Amino acid sequence: MSRYFTKDHEWIDVEGDIGTVGITDYAQSQLGDITFVELPAAGQAVKKGDSASVVDSVKAASDVYAPVSGSVTEANGALEEEPELVNSDAEVGGWLFRVKLDDSGELSGLMDRAAYDAYVAEL
Amino acid sequence: MSVASEIDNESEVAAGPEPLPLDAWHRDRGARMVEFAGYWMPVQYEGIIAEHLWTRESAGLFDVSHMGQLLVSGDQAEAALEALLPADLGSLELGALRYSLLLAEDGGILDDLIAARWPGGFYLVVNGATKWDDIAHLREHLPDEVTLNHLDDRALLALQGPKAFAALDRHASGEYALSGLTFMRGGRFDLAGCDAWISRSGYTGEDGFEISIPAEDAERVAELLCAEPEVKPIGLGARDSLRLEAGLPLYGHDLTDEIDPISAGLTFAISKSRRAEGGFPGAERILGLLEQGPERTRVGLMLEGRMAAREGAKVLSGNQEVGIVTSGGFSPSLERPIAMAYVDRELRSEGTTLAVEMRGKRLDARVTPLPFVSHRYHR
């Protein structure tokens, strides 16, 4: 399994043609207390770079962009009752949705962990 | 991921944000700093919800040094200010505070403020984002015999919450005890060796104090107060969620120069004698609205579900657009989204069922009396 990162602070774990998407720990720390997550429905088509989910914090709403194009296979239902999982466990249990990739070639434009960490260190 | 709406974007500062007296102190305490009203301000320390709840049950220290502290003095100060504000300042006793509004000629609200009578003049606290416009407005309209001083060498702290009194009382001494101050009263105190003006007032709905001190003493006083077991520093994020729960409007959002005091539900800010006499900017229009009732009025909305309604969202009744949200967010105390909105007058009564449109979704909402969380002022 490989993990990729976007400049907009999403992560995606890819296994076969299924990607699991979330926001990074850095992103959740910037957003602060998360109170609601608007998740995409299974079957919904998402396009790389378009808003696929919205994370509401106490002070603001933030778009989560799809790191790749594809169709949503599943959303993390645990977030309905416990949106704060995105704060406490952003990069594991706080995943947002799974997507069946249209084109794994889109992954080549994303960063690996080392590149992302270097990118965040510059912010 | 992108942050769609920051807390405030009212300021227009070409030179970039400036540091306030407590800048280094906030950073040392791990605050996340954001630009607000032209300054670097702490938006949060440990997290907005924790800071919010701490203030409601104990005491929080807020740095509000971005706000404008002004002194209007001279023999004619009272009459000159009464020409710009709808408050009856003549009845304001020494040390007493009054909430008032700087009004435009058409009755629109230029700013909301607190005026206190000091010996020889009036001490005003105005909003940070509007203070330069306020100063220009006052300079233009106050007669030459009246002096306007911008007390920009002073910091302003707010200590808010049910344990604020206990914490502050250990350090403040004056001609009379701190317990002598009731809500909307202030006086001069010695606070850890510095000359402080302390008033029992604030923007959270809790008992608490606002403390004006020389800028050079700010760090020492903040350190001293936060060393008290009841007190933690609190950021702007929780200040906003606290004032929203308390039903208190925020200038630039719930109040603007296109909104008059009657629509805003601030009729109480127009003193009785001024209603009879008029003589303030926009008096004719405002007194007319008072009689006829405004088209739209500010209400509280309690939302179903967890998605927050944000500023600018449309309010619907059936399919009809009947209003607009001016402030909205998650209420940490009530654990649900709340909002303030302007809605058509006939829909203002408690319990009216409305909806808010957010990102193409329809959120059920119910008109709820303000404040959402009861005030606990020390009267």
Side-chain angles (χ1 to χ4, degrees), chain A residues 5-12 21-41 44 49-67 77 79-88 90-91 94-97 116 119-120 123, chain B residues 1-9 30-34 36 42-53 235-245 250 253 303-313 325 327-339 358-361 363:
Chain A
F5 295 86
T6 72
K7 288 193 169 176
D8 297 316
H9 310 288
E10 292 92 12
W11 55 263
I12 178 168
V21 177
I23 66 170
T24 64
D25 196 53
Y26 172 81
Q28 73 76 22
S29 74
Q30 292 295 302
L31 292 176
D33 297 319
I34 289 163
T35 55
F36 174 73
V37 184
E38 192 183 339
L39 294 164
Q44 187 179 320
D50 284 358
S51 175
S53 168
V54 179
V55 176
D56 249 357
S57 70
V58 177
K59 72 188 178 79
S62 308
D63 285 310
V64 179
Y65 302 111
L79 301 180
E80 278 167 33
E81 286 300 308
E82 221 183 325
E84 56 273 23
L85 261 181
V86 180
N87 288 123
S88 60
E91 299 200 11
W95 63 280
L96 303 179
F97 59 90
Y116 178 72
Y119 169 69
V120 167
L123 295 179
Chain B
M1 189 215 78
S2 74
V3 175
S5 52
E6 263 301 339
I7 221 166
D8 187 81
N9 48 15
R32 187 134 67 74
M33 305 294 280
V34 297
F36 183 86
V43 66
Q44 65 167 63
Y45 299 83
E46 55 177 313
I48 294 176
I49 293 178
E51 292 167 32
H52 178 115
L53 297 175
L236 279 185
R239 181 170 158 85
D240 190 49
S241 54
L242 288 158
R243 70 93 197 165
L244 179 60
E245 285 182 353
L250 174 60
H253 303 263
L303 284 96
E304 293 301 323
R306 301 266 306 184
M307 194 196 287
R310 304 289 180 180
E311 183 176 2
V325 170
S327 282
F330 184 80
S331 159
S333 302
L334 304 174
E335 298 185 307
R336 59 187 300 172
I338 56 173
M358 266 309 283
R359 305 195 291 265
K361 291 203 166 58
L363 313 177

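Side-chain atoms are counted along with the backbone in the values below, which use heavy atoms only and exclude waters and symmetry mates. Numbered from 1 within each chain, the chains take letters A, B, ... in sequence-line order. Everything quoted here is computed from the prediction, not taken from an experiment.
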Contacting moiety of Ser57(A), where chain B heavy atoms sit under 4.5 Å: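 Contact with chain B involves the backbone of Ser57(A) alone.
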Does any backbone or side-chain atom of Thr24(A) lie under 4.5 Å from a heavy atom of chain B? Answer side chain, backbone, both or neither.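 Answer is neither: Thr24(A) stays 4.5 Å or more from chain B.
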Checking heavy atoms, do the side chain of Ala238(B), its backbone, both or neither come under 4.5 Å from chain A?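 Answer is neither: Ala238(B) stays 4.5 Å or more from chain A.
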For the residue pair Leu31(A) and Arg32(B), what are the closest heavy atoms and their distance?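 Heavy-atom minimum between the residues: N-NH2, 4.1 Å.
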Parallel, tilted or perpendicular: which fits the ring planes of His9(A) and Tyr26(A), with parallel below 30° and perpendicular above 60°?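 The rings of His9(A) and Tyr26(A) sit tilted, inter-plane angle from 30° to 60°.
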Mind checking what makes side-chain hydrogen bond (donor to acceptor under 3.5 Å, both in side chains) contact with Arg359(B), not counting sequence neighbours?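 Listed in chain order: Glu38(A).
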At what distance, to the nearest 0.5 angstrom, does CE of Met307(B) lie from CZ of Phe330(B)?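 One finds 14.0 Å between CE of Met307(B) and CZ of Phe330(B).
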